[in-house]
Amino acid sequence: MINRRGLLIILSSPSGAGKSTLARQLMAWDPALSFSVSATTRAPRDGEVDGREYFFLSEDDFKTEVADGRMLEHAHVFGNFYGSPAGPVKKTIEAGKDVLFDVDWQGEIQIRNSDLGKHALSIFILPPSISELHRRLVKRGQDSDDVISKRMLKSWDEISHWGAYDYVLVNDNLQDTEKQLKTIINAERMRREQQPSLQSHVHKLQAEFEEMP
Ligand code: ADP
Ligand code: 5GP
């Protein structure tokens, strides 16, 4: 029997707060972590590769995936569709590996309410200030001024859902946040319901106990 079940680790934040950076650091920390590559109808940014950051789909193809029940969750964000393919997730967590999701608050609710919800761990990343959030979006240099303004306007909408998450971190110093994330994940991996093999271990302890003179 496997030692543990995988967690569905959900990272959300307003755009620019640092969740992709943190997700990359977690993947480098634990190569057994599996990143859930979302599907999206938005255009690829410079350097993004189909199948690595996202599966880039047409709107028609995306809608077919949803209609055929192949998305664990999906949402409309910044005028585009995004969704997490369901297929790989179940297999991965049953094999005892964690899956990392970079999804918005709508995705968090849907994953939590799914059949796999009891294995979900959700973490919300807050920026230290709104002006710093803006600075980070500009520094990232991936979006036009127009797109940055759109993301800033939506940031409060995302932040307002912070209360639905299991943990909330303020990403001020990147190294500190990375450390805090690892602490949370290490602890949550030991949750009782994440360790199905405990049951047989306790049975063995009981048998040994009953055989004691
Ligand atoms: P998100 O995925 O939440 O949209 P990113 O991870 O792309 O955000 O981060 C946005 C920008 O902010 C990037 O240029 C990244 O290097 C930078 N960044 C992330 N975390 C920090 C931090 N703690 N301090 C300073 N800059 C940061
Ligand atoms: P971006 O276009 O910057 O990559 O992502 C925009 C927003 O969409 C981010 O808040 C990100 O978390 C969210 N997002 C990315 N993939 C998914 C997904 O599969 N489902 C949901 N619900 N949101 C997603």
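Read the numbers this way: they start at 1 and go in the same order the structure lists the ligands and their atoms. All residue numbers in this chain count up from 1 along the given sequence. Heavy atoms only: backbone and side chains are in, while hydrogens, waters and symmetry mates are out.
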Would [X] count as a contact residue for ligand 2, given that I'm defining contact as a non-hydrogen atom of the residue lying under 4.0 Å from a ligand atom?
X	answer
Phe101	no
Glu73	yes
Ser84	yes
Glu108	no
Lys19	yes
Arg151	yes

Per-atom contacts, ligand 1 versus [X] - under 4.0 Å to a heavy atom:
X	value
Asn171	20 (N), 21 (C), 23 (N)
Ser13	3 (O)
Asp172	22 (C), 23 (N), 24 (N)

Answer yes when [X] and [Y] have at least one side-chain N-carboxylate O distance shorter than 4.0 Å, and no when they do not.
X	Y	value
Glu59	Arg42	no
Asp30	Arg189	yes
Glu132	Arg136	yes
Asp145	Lys150	no

[atom]: the protein heavy-atom neighbour that sits closest, reported with distance to 0.1 Å:
atom	answer
atom 8 (O) of ligand 1	Gly18 N, 3.2 Å
atom 11 (C) of ligand 2	Asp102 OD1, 3.4 Å
atom 6 (O) of ligand 1	Thr21 OG1, 2.5 Å
atom 17 (C) of ligand 2	Tyr82 CB, 3.4 Å
atom 19 (O) of ligand 2	Ser38 OG, 2.7 Å
atom 2 (O) of ligand 1	Ser20 OG, 2.3 Å
atom 11 (C) of ligand 1	Arg136 O, 3.5 Å

Hey, is ligand 1 close enough to [X] that some N/O pair sits below 3.5 Å?
X	answer
Glu132	no
Lys139	yes
Asp102	no
Gly16	yes
Asn173	no

*Should the pair Trp105 and His161 be assigned to parallel (<30°), tilted (30 to 60°) or perpendicular (>60°) ring geometry?*
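Correct class here is parallel.
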
Go through ligand 2 atom by atom and flag the ones less than 4.0 Å from a non-hydrogen atom of [X].
X	answer
Gly107	22 (N)
Arg42	1 (P), 2 (O), 4 (O)
Tyr54	1 (P), 4 (O), 5 (O), 15 (C), 16 (N)
Ala75	22 (N)
Val77	7 (C), 8 (O)
Asp104	12 (O), 13 (C), 21 (C), 22 (N), 23 (N), 24 (C)
Phe78	6 (C), 7 (C)

* Asked: With only distance considered, is Ser13 within less than 3.5 Å of ligand 2 through an N or O on each side?
  ->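 The answer is no, given that Ser13 and ligand 2 share no N or O pair closer than 3.5 Å.
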
inquiry  = Could you measure the distance from the OG1 atom of Thr21 to the CG atom of Leu11? Nearest 0.5 Å is fine.
reply    =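 If I round to the nearest 0.5 Å, the distance is 11.0 Å.
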
Which residues pass the side-chain contact (heavy atoms from CB on, under 4.5 Å) test with Lys154, sequence neighbours left out?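 Lys154 satisfies side-chain contact (heavy atoms from CB on, under 4.5 Å) with Phe78, Asp157 once adjacent residues are dropped.
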
Within the structure provided, determine whether Phe124 and Glu158 are in side-chain contact (heavy-atom separation under 4.5 Å).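 Yes, side chains in contact.
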
**Asked** Does the side chain of Asp50 come within less than 4.5 Å of Phe55's, by heavy atoms?
**Response**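 Side-chain contact under 4.5 Å: yes.
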
Practice problem: Assert yes or no for the condition that the ring centre distance of Phe101 to Phe35 is strictly below 6.0 Å. | Solution: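 No - the distance between ring centres of Phe101 and Phe35 does not fall below the 6.0 Å cut-off.
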
*asked:* Minimum distance, heavy atoms only, to atom 3 (O) of ligand 1: which one of Arg24, Arg140, Glu178, Lys19 is it?
replied: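 Closest candidate by heavy-atom distance is Lys19.
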
Which one holds for Ser15 and ligand 1: side chain close, backbone close, both close, or neither close, with close meaning a heavy atom under 4.0 Å?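 Looking at Ser15 and ligand 1, atoms from backbone and side chain both fall under 4.0 Å.
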
Q) Using heavy atoms and a threshold below 4.0 Å, how should the contact between Leu137 and ligand 1 be classified: side chain, backbone, both, or neither? A)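 Neither; no heavy atom under 4.0 Å.
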
Let me know which of Asp98, Val89, Ile93, Ile9 forms a side chain to side chain contact (heavy atoms under 4.5 Å, CB included) with His119.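 Among Asp98, Val89, Ile93, Ile9, the one that satisfies the side chain to side chain contact (heavy atoms under 4.5 Å, CB included) with His119 is Ile93.
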
Problem - Residue among Asn186, Ile123, Asn171 satisfying side chain to side chain contact (heavy atoms under 4.5 Å, CB included) with Leu181 - result: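 That would be Ile123; it is the only one of Asn186, Ile123, Asn171 passing the side chain to side chain contact (heavy atoms under 4.5 Å, CB included) with Leu181.
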
Minimum heavy-atom distance [X]-[Y], with the two atoms named:
X	Y	value
Pro85	Ala39	CD-N, 4.2 Å
Asp102	Lys19	OD1-CE, 3.0 Å
Ser122	Arg112	OG-NH2, 3.2 Å
Phe81	Phe62	CB-CE2, 3.5 Å
Ser15	Arg151	OG-NH1, 2.9 Å

* To do: Evaluate the criterion salt bridge (charged side-chain N to carboxylate O under 4.0 Å, His left out) for residue pair Glu208 and Lys204; output intermediate values, then yes/no.
  => CA-CA 6 Å; Glu208 204 182 331; Lys204 271 189 230 146; over 6 Å; no

Exercise. Side chain or backbone of Glu48 under 4.0 Å from ligand 2, or both, or neither, by non-hydrogen atoms?
Worked result: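 Answer for Glu48: neither.
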
### Message
With salt bridge (charged side-chain N to carboxylate O under 4.0 Å, His left out) as the criterion, how do Asp68 and Lys63 come out once you've worked through the C-alpha distance, each side chain's angles and the decisive distance to 0.1 Å?
### Response
CA-CA 9 Å; Asp68 292 349; Lys63 286 180 175 163; over 6 Å; no

